[in-house]
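Presented below is the structure to which this report refers.
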4 protein chains.
Amino acid sequence: MTPRQQNRPNPARRSEASRQAILTAAFDLVGEVGYARLSIEGIAARAGVGKQTIYRWWPSKGAVLFDALLALAAQGSDDAAGAAGAADAALPDTGDLEQDLKTVLRATVEELTDPRLDGMMRALSVEIITDPALAALYAERLDGPMRELKLARLRSAQQAGQLPQDADLDLAVDMLWGVLRTTWLERSRPLTAEYADLLVRTALNGLRGPAHP
Amino acid sequence: MTPRQQNRPNPARRSEASRQAILTAAFDLVGEVGYARLSIEGIAARAGVGKQTIYRWWPSKGAVLFDALLALAAQGSDDAAGAAGAADAALPDTGDLEQDLKTVLRATVEELTDPRLDGMMRALSVEIITDPALAALYAERLDGPMRELKLARLRSAQQAGQLPQDADLDLAVDMLWGVLRTTWLERSRPLTAEYADLLVRTALNGLRGPAHP
Amino acid sequence: MTPRQQNRPNPARRSEASRQAILTAAFDLVGEVGYARLSIEGIAARAGVGKQTIYRWWPSKGAVLFDALLALAAQGSDDAAGAAGAADAALPDTGDLEQDLKTVLRATVEELTDPRLDGMMRALSVEIITDPALAALYAERLDGPMRELKLARLRSAQQAGQLPQDADLDLAVDMLWGVLRTTWLERSRPLTAEYADLLVRTALNGLRGPAHP
Amino acid sequence: MTPRQQNRPNPARRSEASRQAILTAAFDLVGEVGYARLSIEGIAARAGVGKQTIYRWWPSKGAVLFDALLALAAQGSDDAAGAAGAADAALPDTGDLEQDLKTVLRATVEELTDPRLDGMMRALSVEIITDPALAALYAERLDGPMRELKLARLRSAQQAGQLPQDADLDLAVDMLWGVLRTTWLERSRPLTAEYADLLVRTALNGLRGPAHP
DNA sequence: CGATAACCGAGACGGTACGTCAAGTCTTGCA
DNA sequence: TGCAAGACTTGACGTACCGTCTCGGTTATCG
């Protein structure tokens, strides 16, 4: 028997309408007022919901944001390359690794430039930085699946001989998307398609192995 | 004539003791209770200072944290490699770029593992993500000088023929320290000396190799 | 035709077990946590009953308390002199009015000193003060019958020539029990048998007519 | 040295305007919406004051009501016979005890008939019934002084030979005003001037007559 | 005698108010 | 005037209950 958590509300009786309203309100509000002025009371009011309905189902503001993003991902599962792409999606694989990566990173740049997604992602980032539990959840549910897609594309390239057999693919992912993420978070330089291209070129060089051993 | 700010208190009459007490209290508290529970009132109380004394000299909690880190950097200016190293410091230059970078990144890993610095840096990161003005200040006063040191070391290697003339050194810095930063912020994997080494090796490959093969 | 209330539950199908459990829980809880912390949710939980079962049969918290006291009275109908004595009981009538009244008021003092009854009566008093409808119900169902018993005893004394024919017996009841009640409610002095005795002596004097016309 | 309470706010810096606004708002609101719907938030909002300002200076809603009534008493100190009469006031003393008492009790009836004072007094009564600490405060600060005035008048009558030397004057006060209070609280009969007169006549009989015949 | 309507337990829901914490502003009195 | 102290308004926190409203699951008549 699967162990049951006790004292928890019964998910079977959960109001789907309220859940949707809350996630939508959270997403809308974070885009309108930003993270600093985002409040649970505000979300509840906007969603036309009692505060307790939020506290009943989510442990923290961050968890709500997280679910809002998850819902967004599930909804927009057609956009294979989307940062919030669904689990069954796949990165493009035309055989040309560099070109494919550029396509994907340009799309990511596009997303992070959209003010609503920018606000949402920043808010979630703050929560993740602050709350290790949420960070773990994020790693498992959002970052994990996404990373798997990326790794799959790189493995495909590896099998095609475009990357060395001993390349650290995990690190490759960090280099490509991690750098992009830091640059965006710290606003250290404008995010452009050119920047994405440069990133891909340089990182791939590093992975292809020593040019001058 | 330098443009004058009006309605501002007179810095000449500022109490240095209070300033020091506030910065110390901020640093201590962020290490003890974390960012989420850090409050201006708490800092003022710990510093034995009126709240107004904080509001008089700093525009936001983030600005206090920022100054606290600046003070820390100034104080520990002997540690050339420290993330908080002073402006006149320099990165080690033994002629062996890879080894030097490993040394520096290992030191950075060390710092980010220290709970007090970890707390402080996370707190500041949150503020920077949220507040573009603070991000700009950070870029100018802390990240900028540090980046200059890093660029200097890379330029030195470039002149020594260890890096191509057309290598994008700014991007190199992003790849090395930016990846480290993301990994730390998201706790996506444990920060170790080995990870630092791997990072250096791979990134240098990317820079050394032909960008346009 | 007797007009029927519509939309009301069918009393025939009412669960007696639940009714008893609710009244018992209400009585126990008011004794344990006091009026201020008494809640319908608490009563329902303690009684192992759904909230709706309370709302279905009682219009307010006060009404529950009222019924709880009524049930108590019906249950303890042997104690003729009890404040919660049953309808068919009678006050003692030995022929000695003063002595009989002292007996009854001492018993009342005894009851109001019992912590559980004290809590219950205070709670009910609060509801009565606040809610005129409940006050009317109380007057009709609890205070009324009790008052009738008291009046009966006084009338008996009147017929025995122990009280003037024109004495206002209603006022006499107020003077005896009303004063006791106020003293108890306001805790303005300790409730003792001696106090009861003094009360009886003095009030009877007032009723026996002018000593110095 | 008088012992000082610690951790308490400094009364010297208290805002008199806020204090007045709160007491006025409490009095007005209790008259408008009644005790059941009276809330601290409501009082704060009506007074244009932060909730914390109420919690800073009063321990409970009852304490606010108490002070509101005290303020009312101090303000209306001219009305010597008022239930809220000031400490230096005195009951009328024309030499005719019965007439004087009728005058005073009629005035009390008048007050308790005023909807605003009725609401206020009911609210305070509920709090007093519930909270022994407030009951003690009430006894000391409001009921005590008032009772002293009443006792003074009765003592004067005693010296004039209108009451026996061994009459229990405290009980006399209970009989006169206590009965009135219970009748009012329980709404057991309409409060009229006639009722007040009857009460005075009967109670005085009890006191004048021989306690031990 | 099986359907079908009701009560019942449980508890999710939109709300109101609670009492607390902290934000940022303002005032007072000391140095 | 800078400062410590702290009272002020504001607003959000997370909790407790309110009274209403489903949900399945027993009963317990009635067709």
Side-chain angles (χ1 to χ4, degrees), chain A residues 8-15 17-19 21 36-45 47-57 59-61, chain B residues 9-15 17-19 21 37-45 47-57 59-61, chain C residues 8-19 21 37-45 47-57 59-61, chain D residues 8-15 17-19 37-45 47-57 59-61:
Chain A
R8 294 246 185 271
N10 177 358
R13 310 194 48 191
R14 182 168 190 178
S15 159
S18 292
R19 189 180 152 274
R37 300 188 190 232
L38 183 68
S39 69
I40 296 223
E41 290 207 333
I43 296 173
V49 139
K51 267 199 290 181
Q52 203 57 44
T53 300
I54 298 184
Y55 285 111
R56 185 158 27 234
W57 300 109
S60 67
K61 193 163 63 181
Chain B
N10 177 0
R13 306 188 124 235
R14 181 170 190 179
S15 158
S18 291
R19 189 181 152 274
R37 303 191 187 218
L38 184 68
S39 68
I40 298 241
E41 292 208 332
I43 295 172
V49 139
K51 270 200 292 181
Q52 199 57 33
T53 302
I54 298 184
Y55 284 110
R56 184 156 30 231
W57 300 110
S60 69
K61 192 163 64 180
Chain C
R8 292 250 184 268
N10 177 359
R13 304 190 127 233
R14 182 170 189 178
S15 158
E16 179 59 19
S18 291
R19 189 180 152 274
R37 304 192 186 219
L38 183 68
S39 68
I40 298 239
E41 292 208 332
I43 295 173
V49 138
K51 271 198 292 180
Q52 198 60 24
T53 301
I54 298 184
Y55 284 109
R56 183 154 32 227
W57 300 109
S60 69
K61 192 164 65 179
Chain D
R8 294 248 184 270
N10 179 358
R13 310 195 49 190
R14 183 169 189 178
S15 159
S18 291
R19 189 181 152 274
R37 301 189 190 229
L38 182 69
S39 68
I40 296 223
E41 290 208 332
I43 296 172
V49 138
K51 266 199 293 182
Q52 202 59 44
T53 300
I54 298 184
Y55 284 110
R56 185 158 28 234
W57 299 109
S60 68
K61 193 164 62 180

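Note on naming: letters A, B, ... go to the chains in the order of the sequence lines (proteins, then strands), and numbering restarts at 1 for each one.
For F/dG2, the OP1/OP2 oxygens have no side-chain nitrogen or oxygen of B/S18 closer than 4.0 Å. The side chain of C/R56 places an N or O atom within less than 4.0 Å of a non-bridging phosphate oxygen (OP1 or OP2) of E/dC8. In this model, the phosphate group of F/dC8 is approached by a side-chain N or O of D/W57 to a distance below 4.0 Å at OP1 or OP2. Taking side-chain N and O atoms only, D/S15 has no distance below 4.0 Å to OP1 or OP2 of F/dA7.
Atom-to-atom, CD1 of D/I40 to P of F/dT9 comes out at 15 Å; the value is rounded to the nearest Å. Atom CD1 in C/I54 sits roughly 12 Å away from atom P in E/dA10 (whole-Å rounding). In this entry the distance linking CD1 of B/I43 with C1' of E/dA22 reads 12 Å, nearest Å.
For E/dT27, its base sits under 3.5 Å from the side chain of D/R13 at one donor and acceptor pair at least. Taking only distance into account, the side chain of C/K51 meets the base of F/dG19 through a donor-acceptor pair shorter than 3.5 Å. For a distance-only test at 3.5 Å, the side chain of D/Q52 qualifies as a donor-acceptor partner of the base of E/dC21.
Side-chain atoms of C/S39 lie closest to F/dC17 of the nucleotides F/dC17, E/dC7, E/dA12.
Note that A/R14 lies in the cation-pi zone of A/W57, set by a 6.0 Å cut-off to the ring centre and a 45° limit from the axis.
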